[in-house]
There are 2 protein chains.
Amino acid sequence: MANIQDVAKQAGVSIATVSRVLNNTSKVSEKTRYNVEKAIRELNYAPSMLGRNLRNSESRLLLVLIHTFSNPYYTEIINGIEDYSIENNYNILLCETDNNQQREDIFINMVRNKLADGIISMNPTVHVNKLKELSKSHPVVLCSDYYEDTNIPYIAIDNTTAAYRAVKYLINMGNTKIGLINFNEKLLYAKQRRIGFEKALNEYQLPICHEWIQHSDGLTFQDGVETMRRMLRSKDRPTAIFAISDTLAIGAIKELHAHGIKVPEEMAIIGFDNIAFSSMTTPALTTVSQPTYQMGYRSAKMVIDRIQGASVDNVIMDYELIIRESTLG
Amino acid sequence: MANIQDVAKQAGVSIATVSRVLNNTSKVSEKTRYNVEKAIRELNYAPSMLGRNLRNSESRLLLVLIHTFSNPYYTEIINGIEDYSIENNYNILLCETDNNQQREDIFINMVRNKLADGIISMNPTVHVNKLKELSKSHPVVLCSDYYEDTNIPYIAIDNTTAAYRAVKYLINMGNTKIGLINFNEKLLYAKQRRIGFEKALNEYQLPICHEWIQHSDGLTFQDGVETMRRMLRSKDRPTAIFAISDTLAIGAIKELHAHGIKVPEEMAIIGFDNIAFSSMTTPALTTVSQPTYQMGYRSAKMVIDRIQGASVDNVIMDYELIIRESTLG
DNA sequence: TTGAAAGCGCTAACAT
DNA sequence: ATGTTAGCGCTTTCAA
């Protein structure tokens with residue numbers, strides 16, 4: 001592959017001049033420019049980003065940490081991140097950590113190694129201390145899940161209130177026996193949504209039955225199936241369920257169908273996230289929609305701002321309750 | 001951020017020695033190694049990949065071209081690519097092209113620019129000539145969709161036979177009026193699956209009714225809904241449908257439900273891809289499963305082999321018919 | 001076992 | 001308007 005030297009020689013100019021026409025950085029005569037461009041074409045030359053980035057000490061690469069691609073919740077966030085990044089001449093490196101500490105370390109080190117300029121983490125299980133440490137010297141932003149008591153900037157919704165509203169809606173629909181399908185509360189959003197759930201029940205002086213609060217081991221459809229299976233073991237059965245994520249809610253509906261239990265007639269279900277599938281289930285799923293694309297877009301803006309030395313503030317976004325068939329009993 | 005010079009100075013050695021302990025590349029005395037490692041720790045040093053890569057003229061980055069993250073078909077392929085890559089010390093850059101030629105160009109140029117060492121393309125709409133051109137000088141591999149008459153190595157399944165088998169299964173279940181939900185045939189796999197479909201019908205001397213062959217504009221759930229809506233306009237209705245992808249099949253089922261048409265009793269449906277969601281629908285979807293993880297894993301092996309100068313052969317993988325409820329009428 | 005020095009491909013300050 | 005040159009951070013000969 002030709003390099004800048006080859007082009008310079010072929011065009012009969014210095015490498016500085018080639019660099020100038022490449023970057024349009026100062027005046028070059030029409031004739032010289034023409035010659036250089038001709039040489040570039042003839043040699044099929046493309047400038048090495050490695051050389052350029054080393055010289056400029058930037059990589060224009062953003063790391064996006066994510067637990068797994070399999071969760072469709074992330075799809076639109078990533079689209080948002082990608083759009084803002086491309087608009088600003090950055091590329092993104094999607095890093096799936098699989099909850100694997102070693103992988104997390106690799107990716108975190110890529111920033112220290114100058115292979116990436118900043119990190120957007122959507123990976124709640126990441127080793128928090130390492131990220132906090134990194135954040136002191138490098139741009140880091142948290143998207144959609146965050147940690148309390150760190151100084152890492154984040155963008156998220158008010159999970160507590162969103163859950164509170166969702167459950168309140170179930171109550172207003174006439175439900176008094178309401179269950180919760182939750183996930184591990186080491187995730188802040190899980191904890192917050194549980195608090196919102198309890199707040200609504202307390203406000204209406206409804207009982208919080210422990211058999212109706214089930215914790216899932218994961219966030220796949222199958223986890224939803226299994227969690228609902230456990231829930232159905234209790235003698236008495238709730239008439240409505242708030243599931244902390246759409247994938248769990250959809251799995252839960254599948255299991256209810258398997259038991260011949262009608263949704264929403266016998267049990268109403270509300271999910272969280274408004275993933276693409278959620279409108280395709282039968283019945284279509286009522287859910288809480290987060291502005292995922294915007295969250296991605298703005299989180300990309302946040303890291304890039306930080307890369308460029310600006311300071312950024314935390315952002316709380318709005319959410320929306322999307323009412324579909326699964327609660328219209 | 002400290003660099004190799006700082007470490008050398010702090011440890012009282014030359015930068016060459018620091019590089020040696022970093023890469024374990026030749027003998028270093030116990031004492032020197034200790035001093036260097038101490039300095040590294042004290043300075044919180046991490047080697048710059050930019051410098052290293054420039055020097056080694058490699059980036060250890062793989063580009064994965066994909067039309068959109070939104071299609072869950074890709075999830076497991078990406079997991080496979082990622083696993084093999086990480087095992088072999090490569091990272092992957094997921095590039096969403098959105099059918100945007102400009103974006104495709106950017107990504108293709110990244111390889112020419114030495115920012116990436118190779119490309120795995122799963123993006124059927126990519127500008128074929130550019131990719132073919134690139135493939136002459138750089139490692140490129142096609143995964144799951146490919147082009148005829150190019151010399152770019154690929155890994156895929158035998159789409160024609162897979163479709164043939166799927167439709168034959170519908171026939172054996174007693175269906176004689178079979179429809180097709182297809183996608184744009186500029187995609188080779190769409191064409192191949194249509195050919196397989198026709199082959200089965202011809203073999204059993206069943207009619208190919210043009211009103212029962214509908215082409216979708218896209219591959220989202222909503223596209224499936226709309227395509228089925230069009231299909232239902234015909235006076236006579238097929239008793240079974242072969243849909244070229246699960247997302248389309250699932251959208252189609254949704255539309256059938258909306259019309260009160262029972263699946264599979266009144267219409268059987270078979271999809272293609274076995275995406276995670278396909279077992280969660282009601283009824284669960286019968287589909288053709290591709291070994292997506294393996295396809296990803298092996299395509300990563302193929303590019304990396306090419307990067308290392310080996311020549312690689314095309315690979316045809318096996319598929320499997322997964323029978324679920326949507327055809328058990 | 002270690003160090004000096006060249007060079008990977010590029011940009012930018014300085015000189016002309 | 002163009003050329004010369006230093007240097008980004010690293011690896012790897014070659015010498016000692």
Side-chain angles (χ1 to χ4, degrees), chain A residues 1-40 43-61 89 109-117 138, chain B residues 1-40 43-61 89 109-117 138:
Chain A
M1 208 69 219
N3 63 17
I4 199 172
Q5 302 270 9
D6 302 327
V7 176
K9 194 177 297 172
Q10 172 105 349
V13 297
S14 74
I15 59 166
T17 299
V18 177
S19 177
R20 282 183 190 107
V21 332
L22 247 30
N23 300 292
N24 246 316
T25 176
S26 79
K27 296 270 159 264
V28 177
S29 80
E30 209 45 53
K31 185 164 156 273
T32 314
R33 155 164 278 116
Y34 174 81
N35 287 332
V36 171
E37 280 167 351
K38 182 155 165 278
I40 289 176
L43 294 172
N44 193 22
Y45 165 76
S48 158
M49 289 303 167
L50 248 32
R52 176 175 291 172
N53 292 344
L54 176 60
R55 170 64 216 221
N56 295 344
S57 55
E58 62 172 10
S59 66
R60 298 202 87 82
L61 214 56
N89 250 299
N109 264 326
M110 286 180 69
V111 178
R112 309 214 310 127
N113 291 336
K114 307 265 195 185
L115 247 191
D117 293 343
H138 299 270
Chain B
M1 207 70 223
N3 63 17
I4 201 172
Q5 302 269 11
D6 302 327
V7 176
K9 196 178 296 173
Q10 172 105 353
V13 297
S14 74
I15 60 167
T17 299
V18 177
S19 175
R20 282 180 190 113
V21 333
L22 246 30
N23 300 293
N24 248 314
T25 177
S26 77
K27 296 272 158 261
V28 177
S29 81
E30 208 45 53
K31 186 162 155 271
T32 314
R33 156 163 275 115
Y34 174 81
N35 287 332
V36 171
E37 280 168 352
K38 183 155 164 277
I40 289 176
L43 295 171
N44 193 23
Y45 165 76
S48 157
M49 290 301 167
L50 249 32
R52 176 175 294 172
N53 291 344
L54 175 60
R55 171 65 217 221
N56 295 343
S57 55
E58 63 172 9
S59 66
R60 298 203 83 84
L61 215 56
N89 248 299
N109 265 327
M110 286 180 69
V111 177
R112 307 214 312 126
N113 292 335
K114 307 267 193 182
L115 247 190
D117 294 342
H138 299 270

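Below, chains carry the letters A, B, ... as their sequence lines are ordered, and counting in each starts from 1. Both backbone and side-chain heavy atoms feed into the values below; hydrogens, waters and symmetry mates do not.
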(request) Give the first and the last nucleotide of DNA chain C, reading 5' to 3', that has any atom under 4.0 Å from a heavy atom of chain B. (result) C/dT1 to C/dG9

(message) Would the distance check show the side chain of A/Asn56 and the main-chain N or O of A/Glu58 forming a donor-acceptor pair, the cut-off being under 3.5 Å?
(response) no

(request) Indicate yes or no: at least one non-hydrogen side-chain atom of A/Met1 is less than 4.5 angstrom from one of B/Arg112. (result) yes

(message) Could you write out DNA chain C as dot-bracket? Rules: Watson-Crick or G-U wobble, both distances under 3.5 Å, brackets [ ] for crossings, | for pairs with another strand, dot for unpaired.
(response) ||||||||||||||||

(request) Locate the shortest heavy-atom distance separating A/Leu43 from A/Gln10; write the atom from each residue and the value. (result) CD1-CB, 4.0 Å

(message) Among residues at least two apart in sequence or on other chains, which ones pass side-chain hydrogen bond (donor to acceptor under 3.5 Å, both in side chains) with A/Glu37?
(response) none

(message) If the test is side chain to side chain contact (heavy atoms under 4.5 Å, CB included), which one of B/Leu22, B/Asp6, B/Val36 qualifies with B/Tyr45?
(response) B/Leu22

(message) Evaluate B/Val13 against B/Asn35 for side-chain contact (heavy atoms from CB on, under 4.5 Å), listing each step before the verdict.
(response) CA-CA 9 Å; B/Val13 297; B/Asn35 287 332; 5.8 Å; no

(request) Taking atom types as modelled, find out whether A/Arg52 and B/Asn113 have a side-chain donor-acceptor pair closer than 3.5 angstrom. (result) no

(message) So, using side-chain hydrogen bond (donor to acceptor under 3.5 Å, both in side chains) as the criterion, who are the partners of B/Ser59 when residues are at least two apart?
(response) B/Asp117

(message) The criterion is side-chain contact (heavy atoms from CB on, under 4.5 Å); which residues satisfy it with A/Ser19, sequence neighbours excluded?
(response) A/Ile4, A/Asn23

(message) Across nucleotides 8-16 of chain D, 5' to 3', mark each nucleotide with B, S or - according to how protein heavy atoms within less than 4.0 Å reach it.
(response) BBBBBB---

(message) So which atom in B/Val28 and which in B/Arg20 form the shortest heavy-atom distance, rounded to 0.1 Å?
(response) CG2-CB, 3.7 Å

